[in-house]
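Every chain is numbered from 1, with letters handed out A, B, ... down the list of sequences. Since the structure is predicted, the reported quantities are computational estimates derived from the model, not experimental observations. Note that these values count all heavy atoms, side chains included, but never hydrogens, waters or copies made by symmetry.
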Amino acid sequence: MLTKRIIPCLDVKDNRVVKGQSFVNLRDAGEPIALAAFYDKEGADELVFLDISASLEKRKTMIEMVRQTAETISIPFTVGGGISSVEEIKDLLRAGADKVSVNSAAVKNPQLIEEAAKVFGSQCIVLAIDAKRISDDGQPARWEVFTHGGTKGTGMDLLDWVKEGVQLGAGEILLTSMDCDGHKQGFDLDLNQAVCDVINVPVIASGGAGKSEDFLEAFTKTKVDAGLAASIFHFGEIKIKDLKEYLKNKGVDVRC
Amino acid sequence: MIGIIDYGMGNIFSLTGALKRLEADYIFSDSTEELAKCDALILPGVGAFTDAIANLRERKLDVFINDWASQQKPLLGICLGMQLLFTESCEYGQSTGLNLIPGSVIEIPDIVKVPHMGWNYITHKNKHPYLEQMEEGYVYFVHSFYAKTPEENIIASTQYGVEIPAIVGKGSVLGMQFHPEKSSETGKKILQELLKSWRVI
């Protein structure tokens with residue numbers, strides 16, 4: 001049985017891990033490689049590094065940090081943030097990243113997904129999407145795709161973009177709810193299930209986790225494959241070992 | 001000494017990190033002269049089958065690997081490196097592989113989410129002299145295609161819609177569909193047993 005994955009996300013800026021509330025008010029949460037090694041020992045199933053400043057400042061992600069991380073930890077990790085070319089993806093994969101996530105650049109140039117999947121295989125191309133609910137209460141739910149760290153609306157419908165991305169070759173969707181991110185009130189279940197309903201690749205739910213019950217709810221009420229969170233793990237509000245033990249006791253298949 | 005075959009198909013730092021932690025010596029090379037001096041070879045690989053086999057052939061490494069295996073010398077293919085060991089693959093059209101283990105690499109049926117991505121439990125099937133005590137447990141998979149091969153070549157398998165061969169073996173040639181170097185303690189134990197059997201640690 002394939003287990004549900006618990007994924008701490010390390011938002012990295014200037015080689016430090018940070019996490020903001022709804023993408024602003026950054027707080028420092030430590031040194032990336034040490035934190036990665038800590039999560040490996042704690043039983044995290046995977047890690048995501050997001051270079052959060054890269055997309056805004058057109059900065060390249062840190063190859064050296066990726067290389068050191070790959071040598072240090074024995075679980076897989078994804079690197080994302082400001083990646084816009086097949087060449088950059090190649091550099092990151094060669095440095096030891098297992099997967100690379102693309103976001104803004106893929107919206108601007110969807111062929112990037114297709115080219116990268118053709119060269120490296122779909123399984124290492126993650127399409128990261130920041131989505132914001134645009135429908136009013138009582139109307140059928142609709143979400144808009146945002147880019148550049150959630151600062152730019154695209155006018156694109158989320159479900160159309162998800163389907164297109166998968167058709168082009170994305171092997172996984174990292175789905176962040178902008179409405180829930182940072183609020184610790186639980187994942188956006190409608191959003192996650194809506195995406196799972198239209199595609200057949202794994203989906204990582206992101207944005208909104210505040211307690212163990214939020215993960216249980218996402219895993220039992222939607223078909224998401226993984227739950228991602230940052231600050232609640234970094235600041236020790238939830239210990240990964242405890243979370244997995246809790247999920248296991250509730251009948252969710254997890255590795256522990 | 002372990003020789004990791006360099007044929008331009010990504011990601012060896014996790015592997016070299018794992019080998020370092022197990023205190024195994026290795027080289028990373030595309031020189032058949034250098035690789036020929038090694039005790040055992042690892043064929044890593046991330047990417048698409050057609051590009052990978054083309055890269056091997058361009059560097060004449062396919063001939064070298066076939067010679068190596070015909071002398072009963074130890075070889076481990078990991079992930080795409082495992083898939084290359086088979087007769088053929090249907091990824092992006094039909095192409096032929098190294099044909100060291102009979103079988104075809106085919107798509108995982110879409111009754112489950114594809115790729116098969118994450119931690120799945122492997123159970124021991126057939127004994128292989130390199131992995132007699134094989135550790136069972138959760139290991140990390142990430143792949144969209146799997147090997148269809150006669151039962152006797154399956155050392156370990158997992159369930160994901162269909163039975164997915166997780167470790168395959170024929171003679172001195174082994175393949176792992178999952179990433180032992182990414183599979184925490186279970187992966188470490190499996191690699192450790194293999195390296196001990198190879199007498200490189």
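- Contact of B/Ala48 with chain A is made through backbone and side chain together, with heavy-atom distances under 4.5 Å.
- Heavy atoms of A/Ala226 lying under 4.5 Å from chain B are absent altogether.
- Ranked by non-hydrogen atom pairs under 4.5 Å with chain B, the options A/Lys118, A/Glu172, A/Lys223, A/Lys99 are led by A/Lys118.
- In B/Lys113, the NZ atom is crowded: over 12 heavy atoms of neighbouring residues, nucleotides or ligands sit closer than 6.0 Å.
- B/Asp51 and A/Val119 make their closest contact through OD2-O, 3.6 Å (heavy atoms, listed as atom of the first residue, atom of the second, distance).
- Close approach to chain A, defined as a heavy atom under 4.5 Å from one of its heavy atoms, is seen in B/Lys182, B/Ser183, B/Ser184 of residues 182-201 of chain B, taken by number.
- The backbone N or O of B/Phe13 lies less than 3.5 Å from no partner atom in the side chain of A/Arg94, so there is not a single donor-acceptor pair.
- Closest approach of B/Pro115 and A/Gly171 over heavy atoms only: CD-O, 3.1 Å.
- When each of A/Gly43, A/Cys196, A/Gly121, A/Pro202 is checked for heavy-atom pairs under 4.5 Å with chain B, A/Pro202 comes out on top.
- For chain B, no part of A/Ile199 is nearby; none of its heavy atoms comes within less than 4.5 Å.
- For A/Arg5, the part lying under 4.5 angstrom from a heavy atom of chain B is the side chain only.
- Here the straight-line distance linking atom CG of A/Asp98 with atom NE2 of B/His179 works out to 6.5 Å at 0.5 Å rounding.
- In this structure, the separation between CZ on B/Phe141 and CD on A/Gln123 is 14.0 Å, given to the nearest 0.5 Å.
- Listed in order of number, the residues of residues 116-132 of chain B that approach chain A to under 4.5 Å between heavy atoms are B/His116, B/Met117, B/Gly118, B/Trp119, B/Asn120, B/Tyr121.
- When heavy atoms are compared at a cutoff of 4.5 Å, B/Asp110 approaches chain A by way of both its backbone and its side chain.
- Top candidate by heavy-atom pairs under 4.5 Å with chain B, chosen from A/Cys124, A/Ser74, A/Ala95, is A/Ser74.
- With a 4.5 Å cut-off on non-hydrogen atoms, A/Val166 does not touch chain B at all.
- Neither the backbone nor the side chain of A/Thr69 comes within less than 4.5 Å of any heavy atom of chain B.
- Residue contact with chain B, scored on non-hydrogen atoms closer than 4.5 Å, is absent for A/Lys90.
- Contact annotation for A/Lys41: neither backbone nor side-chain heavy atoms come within less than 4.5 Å of a heavy atom of chain B.
- With chain A as partner, the option from B/Thr50, B/Val112, B/Thr158 having the largest number of non-hydrogen pairs under 4.5 angstrom is B/Val112.
- Between A/Glu71 atom CD and B/Glu181 atom CD the span is 12.5 Å, to the nearest 0.5 Å.
- For the set B/Phe145, B/Tyr160, B/Tyr138, the entry with the most heavy-atom pairs within less than 4.5 Å of chain A is B/Tyr138.
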